[in-house]
Protein chains: 2
Amino acid sequence: MASLALAVADQALADLPPTHPCGTCPVRDIAVCGALDDASLRCFKEGGPTVAYDAGETVAFEGDAATSVYTLTAGLLRLSRFLPDGRRQIAGFLFPGDFLGLTLEKEHAFTVQAVVPSTLCRFPRPRFDSFAAGQPALERRLYALAAQELAAAREQLVLLGRKTATERIASFLLMLARRGRAEGTAADDIRIPVSRADMGDYLGLRIETVSRELSNLKAARVIQFTGRQTLRLCDRDRIEQLAEG
Amino acid sequence: MASLALAVADQALADLPPTHPCGTCPVRDIAVCGALDDASLRCFKEGGPTVAYDAGETVAFEGDAATSVYTLTAGLLRLSRFLPDGRRQIAGFLFPGDFLGLTLEKEHAFTVQAVVPSTLCRFPRPRFDSFAAGQPALERRLYALAAQELAAAREQLVLLGRKTATERIASFLLMLARRGRAEGTAADDIRIPVSRADMGDYLGLRIETVSRELSNLKAARVIQFTGRQTLRLCDRDRIEQLAEG
DNA sequence: CGAGTACTTGAGCGTTATCAATGCATGTGG
DNA sequence: CCACATGCATTGATAACGCTCAAGTACTCG
């Protein structure tokens, strides 16, 4: 399946001019652009710049006019909302290949920030919309992405509304394990790509609680730290049990 | 805007055979079907039955094969997830005109139940998918709906992850007020269409907490009950302040 | 009018938040 | 190379918010 997609992408790229920016795009086949053939892509990308952000930099503030949409080509972004007194909720993370701009609203509903140095491929929204209108495959892909994000958000609703701190941490680690596996990491090796603070604000917990729960799992020999951001699942059955209550 | 949509719908309906089920559909112009002209609609709906459920009945269980999609024509549905020990989280409610089936997954991710007696317009999924493939307007509408649901789910993430009980209740009441206004109710009159139990499981609170918070708002003269399920906002500024922390 | 269900109110407890201190890397300048 | 600053993570003590358990009240419907 993946190899088929790659083959198709290679085929398409073969016909792109050697200097075309999409020729070296690391997420060419997994991003929305994957819905386009080479001729469309060539036209599509004409003039759209690539932009880079350092760790911590803000791509867009909540309330800003959403004049562009993006594909994340490298790095990691977070979508967050701030309450007036400083409380923060992270609504989700964007990984390479993910699309930023799954909305018809004219303003950003969340603040978008780089967690680590990141690069994005930018498309002015009017251009993107008019282009999409003539490309049913692209629109279908957008729908598929939105449906997928919706499912993920609803899973997170269950976590935030009804799971205990232990269950939240266990669920989060399993989610990372799943993602890591998809990227080819050893099945039980996990890299937590964010700080404890981001983890807490994603899971609806304070940073101290995150730390304590991780320490509990370590003490129970369910996980084993191999670094501050890396760990190994020692007892996958147990952690799956913990994640579901 | 609404009147324009109605005019277009009337135009289209004028050409439908008098006995066509869509002719009397109360949500004809607001549902996904609104993206279709009369000829398409006539063909689209051919043979798809209307189904009815009593309050409390289950339309689909989590894990069931999702063999159909639906438009809710009357009533109210809830999407819920149950944890092994009986905890329940309601991920959302569906109101008349809403679409059930915004996913490409083959199984239902949530249990769907009628909150009050409800009727749905059913479409076998294979038929719906093949039909949609030839109707860009329908696919665009699906994307719009998914994007809208995604935004709503992310708002709810903020509520569940970071808001206090008081803030959750206030936010919920304002949401109902907004919805009521869209349907033409007096601006500050609210009908809570669900039980306290449903309210709690939607807001990540216990039923007792919901009750207590409502009592607090009543004691503070911010709201005034006109019935168990109906109330009036006496101090909208205050409640908006409460909702945002 | 009576039975059953839904909702409200109360008392006490537990999980997680808050406040505070300590630990542990990494980096900088003397 | 070490002293120190800085940023992030861990650990501890205490408190608060919302949960649990229990009783009481008020609808709704036969």
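From a predicted model like this one, the values you see are computed outputs, not experimental measurements. Sequence lines set the chain letters: A, B, ... in the order given, protein chains first and strands last, and positions in each chain run from 1.
A/Q224 contributes no side-chain N or O that, together with a main-chain N or O of A/L233, makes up a donor-acceptor pair within less than 3.5 Å.
At the heavy-atom level, B/G204 lies under 4.0 Å from the strands shown only through sugar-phosphate atoms. Across all strands, A/S211 comes closer than 4.0 Å to base atoms (heavy-atom distances). If you check every strand for non-hydrogen atoms under 4.0 Å, A/L205 touches sugar and phosphate atoms only.
Rounded to whole Å, the distance from CG on B/L203 to C1' on D/dC17 is 16 Å. Spacing between atom CZ of A/R206 and atom P of D/dG12 amounts to 20 Å, rounded to whole angstrom units. One can place CZ of B/R87 at 15 Å from C1' of D/dG18, the figure rounded to the nearest angstrom. The distance from atom CE of B/M199 to atom C1' of C/dC7 is 12 Å, rounded to the nearest whole Å. B/I207 has its CD1 atom 14 Å from the C1' atom of D/dC21, to the nearest Å. Counting to the nearest Å, the P atom of D/dA26 and the CZ atom of B/F225 are 15 Å from each other. Atom-to-atom, NZ of B/K163 to C1' of C/dT16 comes out at 20 Å; the value is rounded to the nearest Å. One atom, CD of A/Q229, and another, C1' of C/dC24, lie 14 Å apart when rounded to the nearest Å.
Looking at B/E208 and B/R196, no side-chain N of the basic residue comes within less than 4.0 Å of a carboxylate O on the acidic one, giving no salt bridge.
Summary of the strand contacts: A/R162 and A/A197 both lie near DNA chain D, and taking for each the nucleotide with the nearest heavy atom, the more 5' one is attributed to A/A197.
For the salt bridge (Lys or Arg N to Asp or Glu O under 4.0 Å) with B/D201, the qualifying choice from B/R81, B/R88, B/R78 is B/R88, the only one to do so.
Set against C/dT16, D/dT11, D/dA22, the side chain of B/E208 has D/dA22 as its closest nucleotide. Considering only side-chain atoms of B/R196, the nucleotide from C/dT8, C/dT16, D/dG18 that sits closest is C/dT8.
Taking each heavy atom of B/L160 and B/G204 in turn, the nearest pair found is CD2-N, 3.7 Å.
Considering only heavy atoms from C-beta on, B/F123 comes within 4.5 Å of B/T71 through its side chain.
Proximity of B/S215 to the phosphate of C/dT9: a side-chain N or O atom is located under 4.0 Å from OP1 or OP2.
A donor and an acceptor atom sit less than 3.5 Å apart, one in the side chain of A/R212 and one in the base of C/dT18.
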